[in-house]
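Remember, it's 1-based here, ligands and their atoms both numbered in the order they're listed. Small disclaimer: the values here were computed from a predicted structure and weren't measured. If you read the sequence from its start, that first residue is 1, and numbering goes on from there.
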Amino acid sequence: MYIPFSKIPLAGNELKYLKEVLESGWYTSSTKVLLFEQLFAAFVGARYACAVNSCTAALHLAIEAAGVKAGDLVVIPVMTFTATAEVVRYIGAHPVFADVDYDTRLMSPGGLQKILDKNTGIKAVIPVHYGGQSCVMTTEDKTGILDICSRKQVVVIEDAAHAFPTKFGDKYVGSFGNVTCFSFYANKTITTGEGGMLVTNDETLYNRVKVMRLHGISRDVWDRFTGQGALWEYDVIAPGCKYNMPDINAAIGLAQFEKAEYFRMQRQRCALFYMRGLSDIPNIDLPVCREPVENHSWHLFPIIIRPEAPVSRNRFIDLMNEQGVGTSVHYKPLHRMTYYREAYDLKADDFPNAERIWQGTVSLPVYPDLSDDDLMYICQTIRKILS
Ligand SMILES: Cc1ncc(COP(=O)(O)O)c(C=O)c1O
């Protein structure tokens, strides 16, 4: 028996919608993409959605459309995937790295405030809703990330690669910010194979993203969604990108989207099983959920092996693997990655929480197909290794 770290759940209608695309004779962006965008925007409660071929593409388009320019500074957390930082470099801007909270691994409003007070030239912030839990975006006393940034006229671009469907308070992530980017990569909460979605309520930003998503071609004369097909004449108004999502991917996404809340509830079942099954094991720290449990997408369930545990994190991973359980690590923080460490002279001492997390962090399997027996076996294996 082997329990893999990740397994894509089939929602049911994937083949049906794919067949429709294959039979339509139009594989690239068309009616399936349009429908996916409309349904997604309506679900999260945003005015506009733009489907692209990755979350990385969405983040790139978002910072470009938000007006971030070469030489500007953009705050990002170190506890994230490299995509969050690399898009800043794509346009010649520079990341400013923030530590995260130990308990939640999220960028804290307090930490962000200190960075904004210390640095001039910060144009944008990319908070990451790590693991599927929303950062503190807005509060009654106006001390959330959006509150602070709006006072400082700093743009907020949300990296919601892990956060569909995630709520902050009673609102979905994607409904209340400036611009929010989701991932549909194979291991994400819903998938299109590769893919992403940018959502916003800002019409100007949306129009820029639509143009830059497809080579900078003016939409006025290149509208595949009007039923007129691809018109032969078009104008290029900017050096854009080739980031559109094909209908083949949108077909899979539409099927997965139908089951998004069911999938979330199944991942929540896994998370609650772990919370109960692991809470009395010494020497591990469980993830802390600051919001109601239903607000979390539970993309990840990361535990931390404390330094006083009988085995190191690396040994723990090996032993779990020997016992037939796949795990992963999210993340080796960016201050430990050669490029960022050297380019920005980053020191581990400046990121004490991310450093502590990194030394001990292990992500456990979380996906709808995990049975309670699988979860029981995983908990028993962890108990055996750590006692
Ligand atoms: C936090 C975060 N941001 C961005 C991305 C990029 O997503 P994609 O693979 O869809 O480009 C990922 C991918 O894992 C991620 O984890």
Quiz prompt | ligand 1 atoms in contact with Thr80 (distance to a heavy atom under 4.0 Å) | solution = 1 (C)

Quiz prompt | Residue that, paired with Ile357, satisfies side-chain contact (heavy atoms from CB on, under 4.5 Å) out of Asp285, Ile304, Asp99 | solution = Ile304

Quiz item: To which protein heavy atom is atom 9 (O) of ligand 1 closest, and what is the distance rounded to 0.1 Å?
Solution: Tyr185 CB, 3.9 Å

Quiz item: Considering only heavy atoms of Ala83, which atoms of ligand 1 have at least one such atom less than 4.0 Å away?
Solution: 4 (C), 5 (C), 6 (C)

Quiz item: Between Val125, Asp117, Ile122, which is the residue that forms a side-chain contact (heavy atoms from CB on, under 4.5 Å) with Lys152?
Solution: Asp117

Exercise. Output the list of atoms in ligand 1 that are nearer than 4.0 Å to some heavy atom of Gly195, sorted by atom number.
Key: 10 (O)

Quiz prompt | ligand 1 atoms in contact with Val128 (distance to a heavy atom under 4.0 Å) | solution = 1 (C)

Practice problem: Please could you name the atoms of ligand 1 that Ser183 approaches to less than 4.0 Å, counting only its heavy atoms? | Solution: 7 (O), 8 (P), 10 (O)

Exercise. Using a 4.0 Å heavy-atom threshold (strictly under), name the region of Lys188 that reaches ligand 1: side chain, backbone, both or neither.
Key: side chain

Quiz item: Do the ring planes of Tyr340 and Tyr344 sit parallel (below 30°), tilted (30 to 60°) or perpendicular (above 60°)?
Solution: parallel

Quiz item: Which one holds for Glu194 and ligand 1: side chain close, backbone close, both close, or neither close, with close meaning a heavy atom under 4.0 Å?
Solution: neither

Practice problem: Please work out which of Phe81, Phe184, Phe182 has its closest non-hydrogen atom nearest to atom 15 (C) of ligand 1. | Solution: Phe81

Exercise. Classify the ring geometry between Phe182 and Phe40 as parallel (under 30°), tilted (30 to 60°) or perpendicular (over 60°).
Key: perpendicular

Quiz prompt | Stacked cation flag Arg269 on Trp298, 6.0 angstrom / 45 deg | solution = no

Self-check item: Nearest-0.5 Å distance that lies between atom CD in Glu20 and atom OH in Tyr17
Solution: 7.0 Å

Self-check item: Full working for side chain to side chain contact (heavy atoms under 4.5 Å, CB included) between Val100 and Val128
Solution: CA-CA 10 Å; Val100 291; Val128 176; over 6 Å; no

Practice problem: Please state whether Ala58 comes within less than 4.0 angstrom of ligand 1, counting heavy atoms only. | Solution: no

Quiz item: Nearest protein heavy-atom contact for atom 6 (C) of ligand 1: which residue, which atom, what distance?
Solution: Thr56 OG1, 3.4 Å

Self-check item: Proximity to ligand 1 by part of Cys55, non-hydrogen separation under 4.0 Å
Solution: both

Exercise. Establish, yes or no, whether the cationic atom of Arg47 lies under 6.0 Å from the six-membered ring centre of Tyr206 and within 45° of the ring axis.
Key: no

Quiz item: Which residue owns the protein heavy atom closest to atom 3 (N) of ligand 1, what's the atom, and how far is it?
Solution: Asp159 OD2, 2.7 Å

Exercise. Compute the shortest N/O to N/O distance between Tyr331 and ligand 1 and return yes if it is under 3.5 Å, no if not.
Key: yes

Quiz item: Can you list the steps and then say if His215 with Lys242 is a side chain to side chain contact (heavy atoms under 4.5 Å, CB included)?
Solution: CA-CA 6 Å; His215 301 295; Lys242 182 65 167 70; 3.0 Å; yes

